[in-house]
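Notes for the one structure printed next.
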Amino acid sequence: MSSVFFSIDHKNGTIINKKALPYGTVLDSVMMHISTATSAKKLQVAINDGEYHDWQTTDSLWLRDCHTLHLTVTDESGEMTKNYTVTLNHYDYEPTTFVWNLMSGVALPDLNATYADVVTHGDKAYLVAVVGGSTVLYATDKNNPMLWSLLPTSGLTGACRQIAVAEDGRAWILTETGKLYQSDNFAQWTEVAPGGNVSALLGGMVWPQGSHTLALLGEKDGKLCFATNIDGVFAWREEAPKSFPVRNFSAQLYRSNNHPMLRVVGGVSRAGEAVDSVWISSNGNDWIALKLDSAAIPASVEKGALVATSSDGNLYYYATEYREGVKRLAVSYSTDKGITWHRGGG
């Protein structure tokens, strides 16, 4: 427990270890170091709903069945007290493992689609598919994806190559012919000038003042370059590295220190080679490749699935790869917000 960091919220009287204790951690009799300000006269401790006892620095606590500690601090006058609740967060499952179960009763549309992707916004999930050369969209409740409804759309023509969604719900669709469409409700779409020969969408960001940045890849003078479209103003950026993916990558919009960030995982390079890298950007202009262990990310020519768990922010990347001539599903995971990646067991 000496290495476990606890955050103290004095206003609300809460103390919590934000990083959960590892799965399987057994806490029996634990010698805990609890200190107070010099102005405090007395500290009392209670486990769960038990009775309060005066705390001595040599005391130990039996924590095997403990989910909450209660602390009461009394000042030196003996008249003022402050109560704190200590919550011990721990995993009750293996955080690097998913157990998958087939959902029964899901009414997925029966589509013979040449392209399909799922994006989310708010309490909705959207299925974007290409059927017969046209783009169709279906919507469902994200927390209960049983029934999918066809969305009536207008202004959108052609086959979707990619879709990107910003935090406020603004969405962009890039078609196979290079046309770019924009919508604020997934139903009414407006064609916007891409500004250049765009080949891929890397993600969309919204800023506090309400402006939007769409990060792009495009062809300029025979070179693959980064580009941005900021509220309709297109600008070319630096040439992209040869190892940067141009298709079949998984993109994620996330926040770091309350700042929007983009992450790109896996994919296929311009030369047609499978990419086993992770790239991040804080502005859509500048991209950094993370230093990863060899084969930390599955190298696949097919698009993988990037999944983030809302409870702890762990990331999982599922992709197919060939092992000993057999096509298999591989998974990599990150438990530190995407900084380091490890291969999961198969």
Inset, instruction - Working to the nearest 0.5 Å, report the span between CH2 of Trp341 and CG of Asp336. - result: 9.5 Å
Legend entry - Contacts of type ring pair (Phe, Tyr, Trp, His ring centres under 6.0 Å), residue His259, not counting sequence neighbours: Trp207
Inset, instruction - Spell out, as yes or no, whether a donor-acceptor pair under 3.5 Å connects the side chain of Ser183 to the backbone of Ala171. - result: no
Inset, instruction - State whether the number of non-hydrogen atoms from other residues, nucleotides or ligands found under 6.0 Å of Asn12 atom CG is greater than 12. - result: yes
Legend entry - Lys223 atom NZ: more than 12 heavy-atom contacts under 6.0 Å: no
Inset, instruction - Check whether Phe249 and Val268 end up in the same hydrophobic cluster, where Ile, Leu, Val, Met, Phe, Trp and Tyr are linked by side-chain heavy atoms less than 4.5 Å apart. - result: no
Inset, instruction - Say whether Tyr254 and Ile288 are linked into one hydrophobic cluster, either directly or through other cluster members, by side-chain heavy-atom distances under 4.5 angstrom. - result: yes
Inset, instruction - Would you name the heavy atoms of Arg170 and Asp168 that are closest together and state the gap between them? - result: N-OD1, 3.2 Å
Inset, instruction - Indicate whether any N or O donor in one side chain lies under 3.5 Å from an N or O acceptor in the other, for Ser7 and Asp9. - result: no
Inset, instruction - Answer yes if the side chains of Ser277 and Trp279 hold a donor-acceptor pair under 3.5 Å, and no otherwise. - result: yes
Inset, instruction - With side chain to side chain contact (heavy atoms under 4.5 Å, CB included) as the test, would you mind laying out the steps for Leu150 and Val136 before giving the verdict? - result: CA-CA 8 Å; Leu150 178 65; Val136 294; 4.3 Å; yes
Legend entry - Which atom of Thr135 lies closest to which atom of Gly158, heavy atoms considered: OG1-O, 2.8 Å
Inset, instruction - Would you indicate whether Tyr322, at its atom OH, is surrounded by more than 12 heavy atoms from other residues, nucleotides or ligands within a distance under 6.0 Å? - result: no
Inset, instruction - Treating Ile, Leu, Val, Met, Phe, Trp and Tyr as nodes and any side-chain heavy-atom pair under 4.5 angstrom as an edge, say whether Val198 and Val246 lie in one connected cluster. - result: no
Inset, instruction - Share the residues that join Ile16 in a hydrophobic cluster, the rule being Ile, Leu, Val, Met, Phe, Trp or Tyr side chains under 4.5 Å apart at the heavy-atom level. - result: none
Legend entry - Side-chain touch Leu127/Leu111, heavy atoms, less than 4.5 angstrom: yes
Legend entry - For the student: nearest non-hydrogen atoms of Pro152 and Ala187, plus distance: O-CB, 3.6 Å
Legend entry - Residue pairs passing the side-chain hydrogen bond (donor to acceptor under 3.5 Å, both in side chains) test where at least one lies in residues 138-166, sequence neighbours excluded: Thr157-Tyr181, Arg161-Glu176
Legend entry - From Thr81 atom OG1 to Lys42 atom NZ, the distance as rounded to the nearest 0.5 Å: 10.0 Å
Legend entry - Thr190 OG1 to Leu156 CG distance, which is reported to the nearest 0.5 Å: 10.5 Å
Legend entry - Residues, nucleotides or ligands: over 12 heavy atoms within 6.0 Å of Asp293 CG: no
Inset, instruction - Establish whether Leu306 and Leu292 are linked, either directly or via other cluster members, by ILVMFWY side-chain heavy-atom contacts under 4.5 Å. - result: yes
Legend entry - Heavy-atom side-chain contact between Leu137 and Trp189 under 4.5 Å: yes
Legend entry - Side-chain donor-acceptor pair present, Thr335, Asn314, cut-off under 3.5 Å: no
Legend entry - side chain to side chain contact (heavy atoms under 4.5 Å, CB included) between Leu262 and Ile280, intermediate numbers included: CA-CA 6 Å; Leu262 294 174; Ile280 59 174; over 6 Å; no
Inset, instruction - Measure from the side-chain N and O atoms of Arg237 to the backbone N and O of Thr228, and report whether any donor-acceptor pair falls under 3.5 Å. - result: no
Legend entry - Minimum heavy-atom distance Leu201-Trp172, with the two atoms named: CD1-O, 3.8 Å
Legend entry - Partner set under side-chain hydrogen bond (donor to acceptor under 3.5 Å, both in side chains) for Gln44, not counting sequence neighbours: Asp54
Inset, instruction - State whether a side-chain donor-acceptor pair under 3.5 Å links Ser211 with Gln209. - result: yes
Inset, instruction - For Asn83 and Thr85, run side-chain hydrogen bond (donor to acceptor under 3.5 Å, both in side chains): C-alpha distance rounded to whole Å, both residues' side-chain angles, the deciding distance at 0.1 Å, then the answer. - result: CA-CA 7 Å; Asn83 296 321; Thr85 299; over 6 Å; no
Inset, instruction - Flag the pair Val165 / Leu253 as yes when at least one side-chain heavy-atom distance between them is below 4.5 Å, and no otherwise. - result: no
Legend entry - side chain to side chain contact (heavy atoms under 4.5 Å, CB included) evaluation trace for Tyr126 with Leu151: CA-CA 9 Å; Tyr126 298 91; Leu151 283 179; 3.8 Å; yes
Legend entry - Distance, nearest 0.5 Å, that separates OG of Ser332 from CZ of Arg343: 5.0 Å
Legend entry - Leu217 to Ala240 - nearest heavy-atom pair and separation: CD2-CB, 4.0 Å
Inset, instruction - State, yes or no, whether a side-chain contact exists between Pro260 and Arg255 at a heavy-atom distance under 4.5 Å. - result: yes
Legend entry - Least distance between heavy atoms, Ala159 atom then Val130 atom: CB-CG1, 3.6 Å
Legend entry - Crowding at CE, Met146 (>12 non-hydrogen neighbours, <6.0 Å): yes
Inset, instruction - Check whether any side-chain heavy atom of Phe186 lies under 4.5 Å from a side-chain heavy atom of Val128, and answer yes or no. - result: no
Legend entry - Beyond-backbone contact of Gln252 with Val265, side-chain heavy atoms, under 4.5 angstrom: no
Inset, instruction - Kindly compute the distance separating CG (Leu216) from CG (Leu214), expressed to the nearest 0.5 Å. - result: 4.0 Å
Legend entry - Ser300 side-chain N/O to Glu321 backbone N/O, donor-acceptor pair under 3.5 Å: no
Inset, instruction - May I ask whether Trp287 and Leu224 are part of the same hydrophobic cluster, defined by side-chain heavy atoms of I, L, V, M, F, W, Y residues being less than 4.5 angstrom apart, directly or through others? - result: yes
Legend entry - Residue pair Lys337 / Met261, side-chain heavy-atom distance below 4.5 Å: no
Inset, instruction - Give me the ring orientation class for Phe226 and Phe244: parallel if the planes are under 30° apart, tilted from 30 to 60°, perpendicular past 60°. - result: perpendicular
Inset, instruction - Return yes if some donor-acceptor pair links the side-chain N/O of Asp231 with the main-chain N/O of His212 below 3.5 Å, else return no. - result: yes
Inset, instruction - Would you give the length of the straight line joining atom OH of Tyr318 to atom CG of Leu329, rounded to the nearest 0.5 angstrom? - result: 8.0 Å
Legend entry - Asp117: partners by salt bridge (charged side-chain N to carboxylate O under 4.0 Å, His left out), with sequence neighbours left out: Lys303
Legend entry - Heavy-atom neighbours of Asn48 CG exceed 12 at 6.0 Å: yes
Legend entry - Beyond-backbone contact of Pro194 with Leu174, side-chain heavy atoms, under 4.5 angstrom: no
Legend entry - Glu219: partners by salt bridge (charged side-chain N to carboxylate O under 4.0 Å, His left out), with sequence neighbours left out: Arg270
